[in-house]
Asks: 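Structure below; questions to follow.
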Amino acid sequence: MPLKIKNVAADTPNSTRTCVHCAMGDSMLATAVIHYQAAAATDRGRKRASNEDSFGFSAEHGLFVVCDGMGGAAAGEIASSLAVDEMMRQLGEGTQGRGRETAEQAVAAANSSIYSRSRRSARLSGMGTTLVALLTEEDRVFVLNVGDSRCYRLRSGHLEQVTLDHSLVDEQVRMGRMTQEEALRSPLRNIITRALGTQATVTPDVFEMEAEPGDLFLLCSDGLTREVEDAHLAQLLGQEKPLEELTDLLITAANKAGGHDNITCILVRAQGEE
């Protein structure tokens, strides 16, 4: 069965790492075996009363998901949890025949689950969640995102942001209407332009690439990236430490910088057969 860990930080102390888990799965790469090792952690941060982030992963089945919920009361937590549940159900059971089409279908199912639930309850009306997911299928890697949760890849010491934020200010930057410095100061920087569950349909971005031994993927909510600059992320991730220690360093860095939001991260390392 896929390993699922979600929303474990809601009732835990404010400034500690609240969850970490490691697992390993194998995929065939040419005639060699590539091992996917993973660790995850979540923390409610220093300012929020609860944790609306959720995550789930199965290294065995090559599926890793982070969601950042939004909505009043407990609606954000419900939305993010529904999204993780549906992604794990849709993609976490099988290991063959998964690709772009099946990944997009899983996102559509997650969106429908949240949207339908919100329409049945006035208390949950308008709830939604971001989503970033990593799906490994032999030597192929698919990254999906909706919203401003991100995926990065560290390869040979170079950190690259794989996903594009679906936020108002980032879209303005990409169109050349705003500088990066203006975006960081903008009062509109919290507005996202795409989310799961807020509309009847949603289109994820899908990125396909080949995994190489040594690649390190980071999936995270914006509670990390709003606090820790990319250069600092690269420095932290470049250390020769176990993945669970690296997740601890990421959570600590975000809290030290302010911890204004919930913080969630999954690290996935591709390792060749030794």
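Since the model is a prediction, treat every value here as computed from it, not as a measurement.
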Asks: Let me know which of L216, D248, I266 forms a side-chain contact (heavy atoms from CB on, under 4.5 Å) with L243.
Replies: L216
Asks: Got R153 and V143 here, is their nearest side-chain heavy-atom distance under 4.5 Å?
Replies: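 No, their side chains stay 4.5 Å or more apart.
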Asks: Closest heavy-atom contact between N111 and A195?
Replies: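 For N111 and A195, the tightest heavy-atom pair comes out as OD1-O, 4.1 Å.
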Asks: Any donor and acceptor pair, going by atom type alone, linking the side chain of T130 with main-chain N or O of D68 inside 3.5 Å?
Replies: yes
Asks: Should D261 and R226 be marked as a side chain to side chain contact (heavy atoms under 4.5 Å, CB included) after you check the CA-CA gap, both sets of side-chain angles, and the distance that decides it?
Replies: CA-CA 9 Å; D261 201 353; R226 291 288 181 90; over 6 Å; no
Asks: Which is it for L236 and L246 under the side chain to side chain contact (heavy atoms under 4.5 Å, CB included) test, yes or no, and what are the steps along the way?
Replies: CA-CA 7 Å; L236 294 172; L246 293 180; 5.8 Å; no
Asks: Linking I/L/V/M/F/W/Y whenever any side-chain heavy atoms sit under 4.5 Å apart, do I192 and Y115 land together?
Replies: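 No: no chain of side-chain contacts under 4.5 Å links I192 to Y115.
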Asks: Hey, could you give me the OG/CG distance between S118 and L124, rounded to the nearest 0.5 Å?
Replies: 7.5 Å
Asks: Over all heavy atoms of both residues, which pair between I251 and A41 is shortest? Give the atoms and the distance, please.
Replies: CG1-CB, 4.1 Å
Asks: For E101, I'd like to know if atom CD has over 12 heavy atoms of other residues, nucleotides or ligands within 6.0 Å.
Replies: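 No - once you tally the heavy atoms of other residues, nucleotides and ligands closer than 6.0 Å, there are 12 at most.
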Asks: Would you mind reporting whether D148 and T225 have side-chain heavy atoms less than 4.5 Å apart?
Replies: no
Asks: Give the intermediate values and the outcome of side chain to side chain contact (heavy atoms under 4.5 Å, CB included) for residues L233 and L224.
Replies: CA-CA 9 Å; L233 288 177; L224 176 64; 4.0 Å; yes
Asks: Pair S221, D53 - check side chain to side chain donor-acceptor pair (under 3.5 Å), show working.
Replies: CA-CA 8 Å; S221 60; D53 288 358; 2.9 Å; yes
Asks: Supply the atom-to-atom distance L249 CG to K256 NZ, rounded to the nearest 0.5 angstrom.
Replies: 11.0 Å
Asks: Do you know which two heavy atoms are closest between A83 and C67, and how far apart they sit?
Replies: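 The pair with the smallest heavy-atom distance is CB-SG, 3.6 Å.
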Asks: What heavy-atom pair brings F64 and S58 nearest, and what distance separates the two atoms?
Replies: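 The pair with the smallest heavy-atom distance is CZ-O, 4.2 Å.
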Asks: Between atom CG of D85 and atom CD1 of I78, what is the distance when rounded to the nearest 0.5 Å?
Replies: 11.5 Å
Asks: The test is side chain to side chain contact (heavy atoms under 4.5 Å, CB included); show your working for R117 and M127 and say whether it passes.
Replies: CA-CA 9 Å; R117 179 75 175 273; M127 71 175 178; 3.7 Å; yes
Asks: Please enumerate all residues that pass side-chain hydrogen bond (donor to acceptor under 3.5 Å, both in side chains) together with H232, with sequence neighbours excluded.
Replies: none
Asks: Quick check against the 3.5 Å criterion: does R155 have a side-chain atom that pairs as donor or acceptor with the backbone of G214?
Replies: no
Asks: Any side-chain heavy atom of L91 sitting closer than 4.5 Å to one from H61?
Replies: no
Asks: Do L218 and L250 have side chains that get closer than 4.5 Å, going by heavy atoms?
Replies: yes
Asks: Can you confirm whether P213 sits close enough to I34 that some side-chain heavy atom of one is under 4.5 Å from a side-chain heavy atom of the other?
Replies: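 Yes, at least one pair of side-chain atoms sits under 4.5 Å.
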Asks: For residues 196-211, tabulate all N or O donor-acceptor pairs below 3.5 Å that involve a side-chain atom, not counting sequence neighbours.
Replies:
| unit_1 | atom_1 | unit_2 | atom_2 | d |
| --- | --- | --- | --- | --- |
| D205 | OD1 | R194 | NH1 | 3.4 |
| D205 | OD2 | H166 | NE2 | 2.8 |

Asks: Using only atom types and a distance under 3.5 Å, with no angle test, would you say the side chain of D215 pairs donor to acceptor with the backbone of A270?
Replies: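 Here the side-chain-to-backbone pair does not exist.
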Asks: Give, for atom CD of Q235 and atom CD of E229, the distance between the pair rounded to the nearest 0.5 Å.
Replies: 11.5 Å
Asks: Please examine the side chains of F217 and V141, heavy atoms only from C-beta on, and report whether any two atoms are closer than 4.5 Å.
Replies: yes
Asks: Taking only residues two or more places apart in sequence, or in another chain, which ones meet D230 in a side-chain hydrogen bond (donor to acceptor under 3.5 Å, both in side chains)?
Replies: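 In terms of side-chain hydrogen bond (donor to acceptor under 3.5 Å, both in side chains), with neighbours along the sequence ignored, D230 is linked to Y152.
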Asks: Do side-chain atoms of S81 reach the backbone of E77 as a donor and acceptor pair under 3.5 angstrom?
Replies: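 Not a single qualifying donor-acceptor pair exists.
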Asks: For A109, does its backbone N or O pair with a side-chain atom of S113 as donor and acceptor, under 3.5 Å?
Replies: no
Asks: Please report the interatomic distance OG(S50) to CG(N262), rounded to the nearest 0.5 Å.
Replies: 6.5 Å
Asks: Taking all heavy atoms of G272 and all of H35, pick out the closest pair and write down the distance.
Replies: O-CD2, 3.9 Å
Asks: Which value, rounded to the nearest 0.5 Å, describes the distance between L237 atom CG and R269 atom CZ?
Replies: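 Rounded to the nearest 0.5 Å, the CG-CZ separation comes to 9.0 Å.
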Asks: Knowing that exactly one of D222, D165, T163 qualifies, which makes a side-chain hydrogen bond (donor to acceptor under 3.5 Å, both in side chains) with R150?
Replies: D165
Asks: For the residue pair T42 / T264, report whether a side-chain donor-acceptor contact shorter than 3.5 Å exists.
Replies: yes
Asks: If you compare all heavy atoms of S54 against all heavy atoms of V84, which two are closest, and at what distance to 0.1 Å?
Replies: CB-CG2, 3.7 Å
